[in-house]
Undergrad: 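Just dropping this structure here.
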Amino acid sequence: MAITVDTFDLSMVNPETGRYLTANVYTVPGVTNADGSLRELSIGQLVMAICLLRAAQIEDGYDDPATGVHVNGIIDLMEDMNATSMELQIMTEIETKVIGWTTASPEPHNGYEHLYHDKVSGTGTKYDGKTYEEVLRSMGVIGSGIECVRWRGTKDPNDIMYDDFITAIEAKMDEKNSFSQQKMIELQSLTNKRDQSYDMISNVLKSLNTTMTGNANNM
């Protein structure tokens, strides 16, 4: 934030020097009057502008001017956590379905089932309309070419064995849970920093008011 400082003379004079007392006013980009001109701010208003900008950056995220990289804010983290939560929900749905295949009667395809028959739906995410195969591959649960889960019989090149599948999807779910926990810690930290910005406004304005009241009483 680029801050411009202007000084003007007050109507009172210094009794010792006879010179007019002076005061500062501040302007910052983005804080304007109704006509679009920069609004002149007192030091208290300047503090409010700086703290509110900082709080907004923490809330919304911002692009680092030095690197051009976007720094995630509270909203970004919450969106990441919501997306991860939905991915966990989708993987739980798929895992439950696959487990059901192994106990179904009659047994599908003599001990295996295709991952491309069933599709994800109703999640409101990019995965809606995609097959289990497509979703699991994009999430990194299965590799290229895997199409079926097999729990009995001879494995084909396009199969993943049931135990290996369960291990892979559980590992990916653990990874997503760890990610959510990490993001929750980051979210709590950012929330505290945002609240500190608001608290600083109150504390600084209170201190300024105390100082100005003391000065007035001493005149």
Side-chain angles (χ1 to χ4, degrees), residues 55-194:
Q57 289 178 331
I58 293 172
E59 189 86 28
D60 301 330
Y62 63 96
D63 294 330
D64 188 335
T67 63
V69 176
H70 181 75
V71 178
N72 284 343
I74 291 173
I75 293 176
D76 297 312
L77 289 178
M78 292 181 68
E79 290 177 348
D80 287 346
M81 292 174 64
N82 287 337
T84 301
S85 177
M86 186 55 66
E87 288 178 347
L88 284 166
Q89 180 178 322
I90 291 170
M91 282 189 281
T92 299
E93 173 193 321
I94 294 175
E95 183 182 33
T96 301
K97 188 66 175 286
V98 171
I99 291 173
W101 290 343
T102 66
T103 58
S105 181
E107 184 180 59
H109 300 99
N110 195 30
Y112 72 93
E113 181 57 285
H114 301 92
L115 289 167
Y116 51 73
H117 284 166
D118 293 277
K119 293 183 178 181
V120 172
S121 63
T123 67
T125 68
K126 63 182 180 181
Y127 299 112
D128 281 348
K130 295 185 180 297
T131 65
Y132 286 179
E133 178 189 352
E134 293 171 319
V135 171
L136 292 170
R137 185 167 295 123
S138 68
M139 290 184 179
V141 177
I142 61 174
S144 177
I146 299 300
E147 299 177 351
C148 305
V149 175
R150 177 176 293 277
W151 53 93
R152 189 168 57 79
T154 303
K155 179 183 177 183
D156 289 333
N158 64 342
D159 293 343
I160 181 173
M161 297 305 293
Y162 173 79
D163 288 344
D164 293 335
F165 174 80
I166 295 299
T167 297
I169 198 168
E170 290 285 349
K172 182 58 66 173
M173 292 171 73
D174 288 343
E175 177 186 318
K176 294 292 182 180
N177 276 318
S178 296
F179 175 85
S180 290
Q181 292 170 2
Q182 176 186 345
K183 292 300 178 182
M184 178 60 73
I185 293 172
E186 293 179 23
L187 179 61
Q188 290 172 340
S189 175
L190 285 180
T191 300
N192 288 337
K193 290 179 180 178
R194 179 201 59 189

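We use all heavy atoms of the structure for the numbers below, so side chains are in, but hydrogens, waters and symmetry mates are not. This is a predicted model, so every value here is computed, not measured.
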Undergrad: Hey, does Met139 have a side-chain heavy atom less than 4.5 Å from the side chain of Tyr127?
TA: yes
Undergrad: Sequence neighbours excluded, which residues qualify as side chain to side chain donor-acceptor pair (under 3.5 Å) partners of Asn72?
TA: none
Undergrad: Output every pair passing salt bridge (Lys or Arg N to Asp or Glu O under 4.0 Å) with a member in residues 82-93, not counting sequence neighbours, ordered by first then second residue.
TA: Glu87-Lys176
Undergrad: Test of understanding: with side chain to side chain contact (heavy atoms under 4.5 Å, CB included), list the residues that count as partners of Asn192, not counting sequence neighbours.
TA: none
Undergrad: Using side-chain heavy atoms (C-beta onward) and a distance below 4.5 Å, is Thr102 in contact with Val149?
TA: no
Undergrad: Quick check on salt bridge (charged side-chain N to carboxylate O under 4.0 Å, His left out): which of Asp163, Asp164, Asp156 does Arg150 satisfy it with?
TA: Asp156
Undergrad: Looking only at heavy atoms, which two atoms of Met173 and Leu88 are closest? And how far apart?
TA: O-CD2, 3.5 Å
Undergrad: Considering only residues two or more places apart or on different chains, which pairs with a residue in residues 113-132 satisfy salt bridge (Lys or Arg N to Asp or Glu O under 4.0 Å)?
TA: Lys97-Asp118
Undergrad: Return the set of residues passing side chain to side chain contact (heavy atoms under 4.5 Å, CB included) with Glu133 (not counting sequence neighbours), or none when no residue passes.
TA: Leu115, Tyr116, Thr131, Arg137, Ile142, Glu147
Undergrad: So, using ring pair (Phe, Tyr, Trp, His ring centres under 6.0 Å) as the criterion, who are the partners of Tyr112 when residues are at least two apart?
TA: His109, His114
Undergrad: Compare all side-chain heavy atoms of Phe165 with those of Ile146 and state whether any distance is below 4.5 angstrom.
TA: no
Undergrad: Which residues pass the side chain to side chain donor-acceptor pair (under 3.5 Å) test with Gln89, sequence neighbours left out?
TA: none
Undergrad: Roughly how far, to the nearest 0.5 Å, is OG of Ser85 from CG of Asn177?
TA: 9.0 Å
Undergrad: Could you walk me through whether Trp101 and Tyr162 satisfy the side-chain contact (heavy atoms from CB on, under 4.5 Å) test, starting with their C-alpha distance in whole Å, then the side-chain angles of each, then the deciding distance to 0.1 Å, before giving a yes or no?
TA: CA-CA 10 Å; Trp101 290 343; Tyr162 173 79; over 6 Å; no
Undergrad: Check side chain to side chain contact (heavy atoms under 4.5 Å, CB included) between Gln181 and all other residues, then give those that pass, not counting sequence neighbours.
TA: none
Undergrad: Please list every donor-acceptor pair under 3.5 Å in which a side-chain atom of residues 74-84 meets a protein atom from a residue at least two apart or in another chain.
TA:
unit_1 : atom_1 : unit_2 : atom_2 : d
Asp76  : OD2    : His70  : NE2    : 3.1
Asp76  : OD2    : Gly73  : N      : 2.9
Asn82  : ND2    : Met78  : O      : 3.3
Thr84  : OG1    : Asp80  : O      : 2.9

Undergrad: Please list all pairs meeting salt bridge (Lys or Arg N to Asp or Glu O under 4.0 Å) that have one or both residues in residues 55-64, counting only residues at least two apart or in different chains.
TA: Glu59-Arg194
Undergrad: Taking the side chain as every heavy atom from C-beta outward, state whether Val98 and Ile169 have any pair of such atoms under 4.5 Å apart.
TA: no
Undergrad: Under the side chain to side chain contact (heavy atoms under 4.5 Å, CB included) test, which residues partner Asp174, sequence neighbours left out?
TA: none
Undergrad: Taking only residues two or more places apart in sequence, or in another chain, which ones meet Asn110 in a side chain to side chain donor-acceptor pair (under 3.5 Å)?
TA: Arg152
